[in-house]
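Note sheet for the following structure.
Starting from 1, each residue takes its place in the sequence as its number.
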Amino acid sequence: MADDDYDPSTGSGIGDDRLAEKLEALDDELVEARAAALRASLDDYELDEEDTGLLAGVEVGEDGIEYLPALPVVAIVGRPNVGKSALVNRILGRREAVVEDTPGVTRDRVTYKAEWMERRFSLVDTGGWEPDAKGIDRSVAAQAEVAIDLSDVVLFVVDAMVGATSTDEHVVRLLRKSGKPVFLVANKIDDARQEPEAAALWNLGLGEPHTVSAIHGRGVADLLDTVVKALPEVSAVAKHEIGGPRRVAILGRPNVGKSSLLNKAAGEERVVVNDLAGTTRDPVDEIVELGGKLWRFVDTAGIRRRVHLQQGADFYASLRTSAALEKSEVAVVVLDVTQPISVQDLNIIDLVLESGRALVLAFNKWDRLSDDDLENQDRRRYLEREIEKDLAHVAWAPRVNISARTGRHLDKLVPALELALENWDRRIPTGKFNAFLTELVAAHPHPLRGGKQPRILFGTQASTRPPTFVLFTTGFLDPGYRRFIQRRLRELYDFEGTPIVINMRVRERRQR
């Protein structure tokens, strides 16, 4: 017998329709009175301060969308490996952007919130710009050009120890066309003896070079003092800052189409897309409009393997992916339908479950299985078997079949996201929850263990996001019995799209 069908007495699950009818028939006043009596009975048990705080109840607020003035935007540009990401980290005061000696680690334009001298602004890190770039390097350069257009101020970073190159001169021409205020940053000046190295950069025609050492922090404060004076109060190019859009993390293993999904949702080439696996390394967020609503989509780096086996940029990219997930509310795990469901896919889903975020499964590249080719028919049949076998533990997650490349069925993603988030926020009144527990336990009591039968004294929903329930008991409940309760909760209260957490607090009677 499966744990989810747990019934120690008869071997069959309680009828959900019957349970729903019983609970529906109960009078609301009776339900509340019964819950109050159960709550009062806890006074006979040893409770700690945390228990008392939990039983006092949780105040639930309403989320609203708040529009704030658009922060001014500062873009950092330059050719590869001049220290742009190191400068970003120095300005932020934390190791946020991926930094490695290998040129071309940063590929997308990535936005961070920064503050200096009580002035807040958006800081945009970009990939290295090179003329006549091809392939993925061309896409990276295009992102840098877009960053210049969508900025209020530009920091042009040059390696002072190398001097101005022909590539730097190409960037200067690009900056002059933009008409934006530009600050020339002469990086890698680690001490006063190297100051004369920056003198030659006057020839670029961008005014005085600001000498800094991004790695050591030398000169960065003076640079920022000058930059904030040039910032407008409100950005002339940025969208309004929005506090309310729900935050959606796009996760998946490399090359399953995460960046293509973000680009199609945004309606522009927001992030670099390339057949090269692992193109995205920093989480990239974008406000997009889908289904008549605003959403904050975050494209993340593909998780290749276990974090402790990764090295260099991939290691830090995985850490940033985990951090992006923690900041999100719902995760869209993208799966490639042309490939078998892998251990990597399951590990990523487990990562979402551990984080407690709402979950939607997006089966991408569905257009490749849409024709009646015999091979495609076989793949569809095998896929259904894989889903039934490997994804049984997340059968509650909404499934959407999409094509990120063509945009097919992208509109179906919105109802799935809304459903998952609605249930992620769902709260069951304490009276109804205890009525549910009473009826369930009456029909299927916990089996005897060592001659004793643990009882559920009282239950309450401690929090939402995800729905977390606490059961006060006289003894330890079997894992199978807890899963049994969890499944019945799902079927009765529709928790589709969200994990459910059930915790126990075993309490003993007070000594008289």
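Within the 4.5 Å cutoff, side-chain heavy atoms of Phe476 are placed close to those of Arg482. Residues Arg488 and Phe436 have side chains in contact (heavy-atom distance under 4.5 Å, counting atoms from C-beta outward). In this structure the side chain of Arg405 never reaches within 4.5 angstrom of the side chain of Lys365, judged on heavy atoms. Side-chain contact between Leu351 and Asn347 is absent, with no heavy atoms from C-beta onward closer than 4.5 Å. The side-chain heavy atoms of Leu419 and Val360, taken from C-beta on, include no pair separated by under 4.5 Å. Residues Ile428 and Phe495 form a side-chain contact, since some pair of their non-hydrogen atoms from C-beta on lies under 4.5 Å apart. Side-chain atoms of Thr338 and Arg379, non-hydrogen and from C-beta on, never get closer than 4.5 Å to each other. At a threshold of 4.5 Å between non-hydrogen side-chain atoms, the residues Ile502 and Leu489 count as touching.
Proximity of a side-chain donor or acceptor of Trp396 to a complementary backbone N or O of Arg487 within less than 3.5 Å is not detected. Checking side-chain atoms of Thr474 against main-chain N and O of Arg455 turns up a donor-acceptor pair under 3.5 Å. Between the side chain of Glu386 and the backbone N or O of Ile341 there is at least one donor-acceptor pair closer than 3.5 Å. Using modelled atom types, one side-chain atom of Trp295 and one backbone atom of Leu290 make a donor-acceptor pair closer than 3.5 Å. A distance-only check finds a donor-acceptor pair linking the side chain of Thr473 to the backbone of Gly475 [under 3.5 Å]. A distance-only check finds a donor-acceptor pair linking the side chain of Asn364 to the backbone of Ala404 [under 3.5 Å]. Listed for the Thr468 side chain is a donor-acceptor partner under 3.5 Å among the backbone atoms of Pro466. With Arg34 contributing its side chain and Ala435 its backbone, the two residues share no donor-acceptor pair below 3.5 Å. Judged by distance alone, the side chain of Arg408 and the main-chain N or O of Thr406 form no donor-acceptor pair under 3.5 Å. For His446 (side chain) and Asp478 (main-chain N/O), a donor-acceptor pair under 3.5 Å exists by modelled atom type.
Atoms CG and CD1, from Leu471 and Ile456 in turn, are 5.0 Å apart once rounded to the nearest 0.5 Å. The distance from atom CD of Glu418 to atom CG of Leu413, rounded to the nearest 0.5 Å, is 10.0 Å. Summarising the geometry, atom CG belonging to Asp350 is positioned 5.0 Å from atom NE2 belonging to His393; distances are rounded to the nearest 0.5 Å. The distance from atom CG of Asp44 to atom CZ of Arg507, rounded to the nearest 0.5 Å, is 15.0 Å. Atoms CD and CZ, from Glu496 and Arg490 in turn, are 9.5 Å apart once rounded to the nearest 0.5 Å. Asp425 CG to Glu329 CD: the interatomic distance, rounded to the nearest 0.5 Å, is 7.5 Å.
With Ile349 as the partner, the side chain to side chain contact (heavy atoms under 4.5 Å, CB included) test is satisfied by one option alone out of Leu361, Asp390, Leu251: Leu361.
Using a cutoff of 4.0 Å between basic side-chain nitrogens and carboxylate oxygens, Glu388 and Arg385 are not scored as salt-bridged. At a threshold of 4.0 Å, the pair Arg426-Glu422 counts as salt-bridged, since one of the basic side-chain nitrogens sits closer than that to a carboxylate oxygen.
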Determine, step by step, whether Arg505 and Val470 satisfy the side-chain contact (heavy atoms from CB on, under 4.5 Å) criterion, reporting the C-alpha distance in whole Å, the side-chain angles of both residues, the deciding distance to 0.1 Å, and the verdict.
-> CA-CA 7 Å; Arg505 297 197 177 189; Val470 175; 3.8 Å; yes
Audit row: Leu440, Phe484, side-chain contact (heavy atoms from CB on, under 4.5 Å) steps and yes/no = CA-CA 10 Å; Leu440 194 69; Phe484 168 67; 4.0 Å; yes
Could you go step by step and tell me if Leu123 and Ile76 meet the side-chain contact (heavy atoms from CB on, under 4.5 Å) rule?
-> CA-CA 8 Å; Leu123 190 65; Ile76 297 183; 3.8 Å; yes
Under the side-chain contact (heavy atoms from CB on, under 4.5 Å) rule, what do Val332 and Leu417 come out as? Steps first, then yes or no, please.
-> CA-CA 8 Å; Val332 176; Leu417 291 171; 3.7 Å; yes
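For Glu508, the CD atom counts as loosely surrounded, since its 6.0 Å shell holds 12 or fewer non-hydrogen atoms of other residues, nucleotides or ligands. In the displayed structure, Tyr382 atom OH is contacted under 6.0 Å by at most 12 heavy atoms of other residues, nucleotides or ligands. Other residues, nucleotides and ligands contribute more than 12 heavy atoms inside 6.0 Å of the CG atom of Asp494.
Minimum interatomic distance between Arg253 and Ser342 (heavy atoms only, all atoms of both residues): NE-OG, 3.3 Å. Across all non-hydrogen atoms, the minimal contact from Ala462 to Arg427 is O-NH2, 4.5 Å. Closest approach of Asn255 and Asp336 over heavy atoms only: O-OD2, 4.5 Å. Of all heavy-atom pairs spanning Glu46 and Arg509, the tightest one is CG-O, 4.2 Å. Nearest heavy atom pair, residue Phe458 against residue Ala35, reads CE1-O, 3.5 Å. The shortest non-hydrogen separation linking Ile500 to Gln486 is O-NE2, 2.7 Å.
Ser85 and Asp125 are linked by a side-chain donor-acceptor pair at a separation below 3.5 angstrom, with hydrogens and angles left out of the test.
Separation of the Phe433 and Phe469 ring centroids falls under the 6.0 Å cut-off.
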